[in-house]
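Count residues from 1 along the sequence.
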Amino acid sequence: MIETTQFTHPITTTNATSLAAKPKEVARYVYKNKDGKPICWKIRYEPGFYGKSKSFKWQRHSENGKIIDNRDGCENPLYRLPEVLSGIETDRNIFLVEGEKDVETLMKLRLIATTTSETSEWNDGFTQILSNAKVVILYDNDKTGLERRDRLCGILYGRVKSLRVVDLPGLEYCKKHGLDVTDWLNMGNTVEQLKNLVQQAPEYEPPQDEDALRVITLDELFALELPEREILLEPFLPSQGLVLLVAQRGVGKTHVALGIAYAVASGGIFLNWNAPQAKKVLYVDGEMPAVLMQQRLKMIESMNENHPAKTNFLLITPDNQTQPMPDLSTQAGRDMLKKFIAKCDLIVIDNLSCLFRSGNENEAESWREAQEWALDLRRQGKSVLFVHHMNKNGTQRGTSKREDILDAVVVLEHPDDYTADEGARFNVSFSKARHFSGQSARPFQARLIYENDTHYWKISGTAEEEQLAQIANMKKMARQSST
């Protein structure tokens, strides 16, 4: 079988004579499988064809032994694979270079090196082969070489035993046809110098940029001067808070969501809850007709002494758009809200079914995009109130995974004795209360009353509490009469 040969040659500049010269085979690189069986080979010509400084041609044997000028259907291993596998077993450094010429240069110096058949080529199989290898990357000092170096570092970091990148001193950058390790050695540098450079090279670490993860120690954490976590609405909605409001259809979700938003925007009071100071609110409505939204907000305004500043309450509602409302399950949909979210402290999403339309709401995976978005908004200092439907079992509809990241879950339910002619009357309770408890977390009942041309909310204990209070009062009166 044809064996690999390599010719060392000095650096030369292509001139008119070499361009006119006949292409000449200077090396033949045999690719073998892990068992050492030849698969195909690449022939290097200098000068190359059609006036090029170098050219390459692939060849293989057909089943009957005929030489064919291609490698179609051939296995595609790393170059010098048997030697690479042996080097990994004996814990040798594996030099990853850009071409077969450089591999042969290093192999002659009793180093182990490899490359791929094409400069831009890499696959997971190559990574798996090198998973237990001490990899050293040597790159050509040109645009393609630098891009390949960075790509390989990104692929191999954390997936090989160790990873080092060696910068060869004295090689000037050139946009095309930059110098390589063979050129560096031909300049008079030695293999001992190369080994010393490898030994001195630190383990590769990805460059730190805006997108990189940051790790801090306990001492660094304790030394941080962090602002106190504000409360947007006492007791359940903090800054950077994620809250879910759930109820069955027709109970009063939008009444409550709008009341919360208006209180936060105005620094006012809603039900049993108080907003210490006014904050900016973005309310994204997915289904309410604009005329009803207008009526409800006018009603809310009439019930409050505090009113939001002009830009403190921003509303996005379907009837006011020239296109469908964004699907927040998609990045494109979420991007449509970015410039508005940037100006606000609280974002109200009313409701999940209308605004997160892709995927199956009963599957945890479908909630992943919304969860990552919510956590990113928290990182930016934003709070989010999600409005969602309740199922027949009295819990929020769909995957329970939604509740994992939430600070609070507010539940609205009609009392057992509710009748349709009562309008908005419901019990308010918390099925999750992460940072508050006791009296603040006690359930209560709210009813929207309209009398004397005025709307107001009547707050009381729940029907069960009222009944217990009546029983206790009756027992008290019975004891007093007996004495």
Side-chain angles (χ1 to χ4, degrees), residues 3-14 18 24-32 42 44 46 53-54 56 78-117 119 129-130 132-150 152-153 156-157 160-205:
E3 292 297 328
T4 302
T5 57
Q6 173 72 32
F7 298 84
T8 303
H9 54 283
I11 305 167
T12 60
T13 303
T14 304
S18 63
K24 179 182 178 182
E25 178 181 334
V26 295
R28 182 172 290 215
Y29 309 116
V30 180
Y31 279 74
K32 301 177 182 180
K42 182 195 285 188
R44 180 186 182 112
E46 292 184 13
S53 61
K54 61 184 177 182
F56 299 93
L78 287 169
Y79 186 53
R80 289 281 198 163
L81 179 59
E83 292 86 350
V84 169
L85 294 174
S86 176
I88 293 172
E89 286 184 4
T90 55
D91 206 31
R92 300 274 302 276
N93 285 324
I94 308 298
F95 289 82
L96 188 53
V97 296
E98 189 166 324
E100 295 91 352
K101 178 193 70 173
D102 292 337
V103 172
E104 293 304 319
T105 295
L106 296 177
M107 295 293 285
K108 287 183 177 180
L109 296 172
R110 300 182 183 277
L111 302 176
I112 299 177
T114 189
T115 191
T116 54
S117 57
T119 298
I129 289 170
L130 297 176
N132 291 316
K134 299 192 297 187
V135 176
V136 179
I137 294 179
L138 298 174
Y139 58 93
D140 290 9
N141 204 9
D142 53 29
K143 183 175 183 293
T144 301
L146 294 176
E147 289 175 350
R148 183 176 185 269
R149 174 200 66 185
D150 294 343
L152 290 175
C153 286
L156 297 177
Y157 175 72
V160 295
K161 185 174 183 178
S162 71
L163 181 63
R164 289 181 169 83
V165 178
V166 172
D167 303 318
L168 297 174
L171 296 186
E172 294 184 6
Y173 174 80
C174 183
K175 189 172 183 179
K176 292 184 177 180
H177 309 303
L179 303 183
D180 52 36
V181 64
T182 299
D183 301 318
W184 185 78
L185 290 165
N186 284 338
M187 290 175 178
N189 296 293
T190 67
V191 67
E192 292 304 321
Q193 289 175 292
L194 178 57
K195 289 179 179 179
N196 287 336
L197 289 172
V198 173
Q199 189 173 4
Q200 295 166 12
E203 283 277 343
Y204 172 80
E205 289 290 340

| query | Nearest heavy-atom pair of Pro169 and Trp184: which atoms, and what distance? | reply | O-NE1, 2.9 Å
| query | What pair of heavy atoms forms the shortest contact from Val166 to Tyr139, and how long is it? | reply | O-CE2, 3.6 Å
| task | Mind listing the closest non-hydrogen atom pair of Lys101 and Asp183 along with its distance? | result | NZ-OD1, 4.4 Å
| Glu147 side-chain N/O to Thr144 backbone N/O, donor-acceptor pair under 3.5 Å | no
| query | So, Asp140 side chain and Gly178 main chain: donor-acceptor pair closer than 3.5 Å or not? | reply | no
| Arg44 side chain to Glu100 backbone, donor-acceptor under 3.5 Å | no
| query | Should the pair Lys175-Asp142 be classified as a salt bridge under the 4.0 Å nitrogen-to-oxygen rule? | reply | no
| Got a donor-acceptor contact below 3.5 angstrom from the Thr115 side chain to the Glu98 backbone? | yes
| message | Under the criterion side-chain contact (heavy atoms from CB on, under 4.5 Å), I'd like the reasoning laid out for Leu109 against Thr190: C-alpha separation, chi angles, the key distance, then a yes or no. | response | CA-CA 10 Å; Leu109 296 172; Thr190 67; over 6 Å; no
| said: Could you report the tightest heavy-atom contact between Thr114 and Val103, atom names first, then the distance? | reply: C-CG2, 3.5 Å
| field | Any donor-acceptor pair under 3.5 Å from Lys134 side chain to Ile94 backbone | value | no
| CD1/Ile137 to CG/Leu152 distance, rounded to the nearest 0.5 angstrom? | 5.0 Å
| message | Are there over 12 heavy-atom neighbours, none belonging to Asn196, within less than 6.0 Å of that residue's CG? | response | yes
| query | Tell me, do Met107 and Arg80 make a side-chain contact under 4.5 Å, heavy atoms counted? | reply | yes
| task | List the steps and the verdict of side-chain contact (heavy atoms from CB on, under 4.5 Å) for Val135 and Lys161. | result | CA-CA 8 Å; Val135 176; Lys161 185 174 183 178; over 6 Å; no
| field | Residues, nucleotides or ligands: over 12 heavy atoms within 6.0 Å of Glu203 CD | value | yes
| query | Between Tyr79 and Tyr29, how do the two ring planes meet: parallel, tilted or perpendicular, split at 30° and 60°? | reply | perpendicular
